[in-house]
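Worksheet for the structure shown next.
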Amino acid sequence: MNTLPAQSDALLDIRDLAISFKTDEGKVRAVDGVSISVKPGQIIGVVGESGSGKSVTMQSILRILPGNAIVERGEILLRQSRNGSDAEVVDVTQINPNSKRMRSIRGGEVAMIFQEPTASFSPVYTIGNQMMEAILLHRDVNKPEARTIAIDMLARVGISNPERRIDQYPFEFSGGMRQRAMIALALSCNPSLLIADEPTTALDVTIQAQVLELMKDLQRDLGMAILFITHNLGVIAQIAEEIVVMYLGTIVEKGPTREIFHNPKHPYTVNLLKAIPKVGQSRTRLAAIEGNVPSPLERPTGCIFHTRCSQRTHGTCDVYAPKLTQIGPDHTTSCFLYE
Amino acid sequence: MTTTNHTLLEVRNLTKEFPLRKGFFNRTQGSIKAVSDVSFTINRGETLGLVGESGSGKTTIGRSLLRAIEPSSGKVLFHMDEGQTVDVTSLGMNELRTFRRNMQMIFQDPYSSLNPRMTVRDIIAEPLVVNGTSNRTEIDAQVRDIALRCKLNIEHLRRFPHAFSGGQRQRIGIARALALNPAFIVCDEAVFALDVSVQAGVINLLQDLQVELNLAYLFIAHDLSIVEHISDRVAVLYLGRLVELAATPKLFANPFHPYTEALLSAIPEADPDQPMRPVALAGEIPNPANPPSGCYFHPRCRYAEEICKTTTPEWKEYQPGHFAACHFAGELALKGVENVKEGEA
């Protein structure tokens, strides 16, 4: 097994990750040189539009990528502190996706919740059945104990009457309750990292607000780290401590939430913030970003954003790739304007 | 409700019930009231935003106005430019087909709403052909004119929809809706499926077209920041009933209905220094097949009193242009969004 000595205090350290997909039209680069580091108990928000590679990056942490995906380079270092106090760092990319080791990480140390709560539960088993399956798999408990834990978790995410609800089927739950049940399921094995892939996108605003509050409370109480993926800048402003902005498979800017919202540097981030309507500024014109997100089959050369950037310089942006530049203590961006 | 000569569309007591079928013989066992007793007006060149949670009947209202689904009762009156009034709900099938040129619809999903086997030119031309324009050069000229307005590339008109991105497809959908020069367009979650950077472009286009062509929109959406941005007035729907309707700044700054207050408090502001303080709503949106007694919102309302359980509140104009259905409208100190000023317009 590929174990490395613990080098930093990071819980998860993604380093220079590159992932491609084999398709009929050739190899498509979906993620290119992504590095993200998550400290224990931190909430990191990942924003990006469709095709930005945010979901692919998250799936690679759990090794649940589709069959035609290839991890080209990079490592995903996960710190495990299961057995005793000695922390052990494993490179997830080196583990066989079907191995026992990977299965123990999946759902155990790293849990994931998805956008569509309807599709994430099996319709033919009760909620309790599905929760207990995960608990029995990852924790050293017997069936009655697992049931108690499951009921506790359901109560914790605010489902009333959990003793009765646990024996119900997913179709008997409403959308918001199903999303809560999924959070309960994900948290029932005490993960140190929770990956939330657009967890509120399918929900109504009032329920979205409740789920966000719930996630913040649970993060505070249980001390787990959350990687929160969304395309909604409002949601990310409300929940994240640090933000990673992705575009076409690369990170264009990274920094503390306040910095990103009040002092954005990369032209993409700046324009994205101007493109969303803010309450209280009605009837001011929105600043649309010209053009469309390019197809991943036609990745632009040089800086990937240069085709839509209003501040591009010919001969530089379309030829060379910008390097990562330090702006502030934790604030970095990849743009020639700051090199 | 008063009508002026600016009024384009007048909706009176619109109700839509869907039969609830059950059992082996699919017998009708009662019905679900998706929309009950909804009345409002839309003026020429105005955008009315319609918000509410899933299942509140937003889409049903949008479709009933065009009679894409048949309303169960109520009237939809369309005031023509020439001063005459057409009752859309009483039109026969043939009359309706010709009348529909006045009102069109833009759909949510630009991927499934365009026929993949038709070129963009044919998609935009179809409404013209259906409505009797047969001269090919005339059609081509019109299609080109509309495509230009919608900022589509003329050279791309011979391509098929698959060659376009989401934002461009939505522009094609808008162009198709504009082909017959309508006065009224229903935009049902028209920008929901688009990426943030593209969405702004489509919103700007809709606003430009509105000014150029004096269009009226019914803008159905559940994203309140977009609704606030685009709408002149906003109507709030809960379980098939309107609970509040007012000019946008008024509704956002000084809501009259507790449900509106809860919705406004749940908007995630794109500013980390303005933390969200959502009003906790007890429980979930009730099953429309078995709605609560009295005010539909009372089981979840923190201000509810005895009268709310027994009596349905009346839909009344409490201040000029500010309608609400709440026993305590105007008496409760409800919180709006702080940085919206009521005087703004």
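Each chain gets a letter, A, B and so on, in the order its sequence line appears, and its residues count up from 1. Scope of the values below: all heavy atoms of this structure, side chains included, with no hydrogens, waters or symmetry mates.
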Practice problem: Would you confirm whether S225(B), through its side chain, and V279(A), through its main-chain N or O, come within 3.5 Å as a donor-acceptor pair? | Solution: no
Quiz item: What residues form a side-chain hydrogen bond (donor to acceptor under 3.5 Å, both in side chains) with Q115(A), not counting sequence neighbours?
Solution: none
Quiz item: Is chain B contacted by the side chain of I239(A), its backbone, both, or neither, given a heavy-atom distance below 4.5 Å?
Solution: neither
Exercise. Using modelled atom types only, decide if a donor and an acceptor are shared between the side chain of N232(A) and the backbone of V235(A) within a distance under 3.5 Å.
Key: yes
Quiz item: Quick one: salt bridge (Lys or Arg N to Asp or Glu O under 4.0 Å) partners of D167(A), sequence neighbours excluded?
Solution: R147(A)
Exercise. Pick one of side chain, backbone, both or neither for E213(A), based on which atoms fall under 4.5 Å of a heavy atom in chain B.
Key: side chain
Self-check item: From I32(B) atom CD1 to T60(B) atom OG1, the distance as rounded to the nearest 0.5 Å
Solution: 10.5 Å
Practice problem: Could you look at L281(B) and say if it's the side chain, the backbone, both or neither that has a heavy atom under 4.5 Å from chain A? | Solution: both
Exercise. Spell out, as yes or no, whether a donor-acceptor pair under 3.5 Å connects the side chain of R233(B) to the backbone of L48(B).
Key: no
Quiz item: For the atom pair CD (E290(A)) and OG (S310(A)), what is the distance rounded to the nearest 0.5 Å?
Solution: 7.0 Å
Exercise. Under 4.5 Å heavy-atom distance to chain B, tell me which part of A287(A) shows up: side chain, backbone, both or neither.
Key: backbone
Quiz prompt | Selection from R308(A), H262(A), H231(A) maximising heavy-atom pairs under 4.5 Å formed with chain B | solution = H262(A)
Quiz item: Taking the side chain from E259(A) and the backbone from G328(A), do they hold a donor-acceptor pair closer than 3.5 Å?
Solution: no
Exercise. Scan for ring-ring contact (aromatic ring centres under 6.0 Å, His included) pairs involving residues 264-284 of chain B, sequence neighbours excluded, and state none if there are none.
Key: none
Self-check item: Residues R165(A) and Q168(A): side-chain donor-acceptor under 3.5 angstrom
Solution: yes
Quiz prompt | Within residues 256-266 of chain B, residues adjacent to chain A where the heavy-atom gap is under 4.5 Å | solution = A262(B), L263(B), A266(B)
Quiz item: What part of D208(B) is in contact with chain A, defined as an atom under 4.5 angstrom from a non-hydrogen atom: side chain, backbone, both or neither?
Solution: side chain
Quiz item: When you measure from the side chain of Y217(B) to the backbone N and O of L206(B), does any donor-acceptor pair fall under 3.5 Å?
Solution: yes
Practice problem: Heavy atoms only, distances under 4.5 angstrom: which of G167(B), P268(B), P275(B), P278(B) has the most pairs with chain A? Name it, please. | Solution: P268(B)
Self-check item: G176(A) versus I207(A), closest heavy-atom pair with distance
Solution: CA-CG2, 3.6 Å
Self-check item: Donor + acceptor pair across side chains of Q207(B), R285(A) (<3.5 Å)
Solution: no
Exercise. Could you tell me which of A280(B), S54(B), G166(B) has the largest number of non-hydrogen atom pairs under 4.5 Å with chain A?
Key: S54(B)
Quiz item: Any idea which of Q199(B), H222(B), Q168(B), E269(B) has the most non-hydrogen atom pairs under 4.5 angstrom with chain A?
Solution: E269(B)
Quiz item: Does any heavy atom of chain A fall under 4.5 Å from the side chain of I226(B), the backbone, both, or neither of them?
Solution: both
Quiz item: Heavy-atom distance under 4.5 Å to chain A: side chain of D223(B), backbone, both or neither?
Solution: neither
Exercise. Against chain A, work out which of V198(B), V196(B), V279(B) has the most heavy-atom pairs shorter than 4.5 Å and name it.
Key: V196(B)
Self-check item: When I203(B), V227(B), L224(B), D271(B) are compared by non-hydrogen pairs under 4.5 Å with chain A, the top option
Solution: D271(B)
Quiz item: Quick one: what part of E49(A) sits under 4.5 Å from any heavy atom of chain B, side chain, backbone, both or neither?
Solution: both
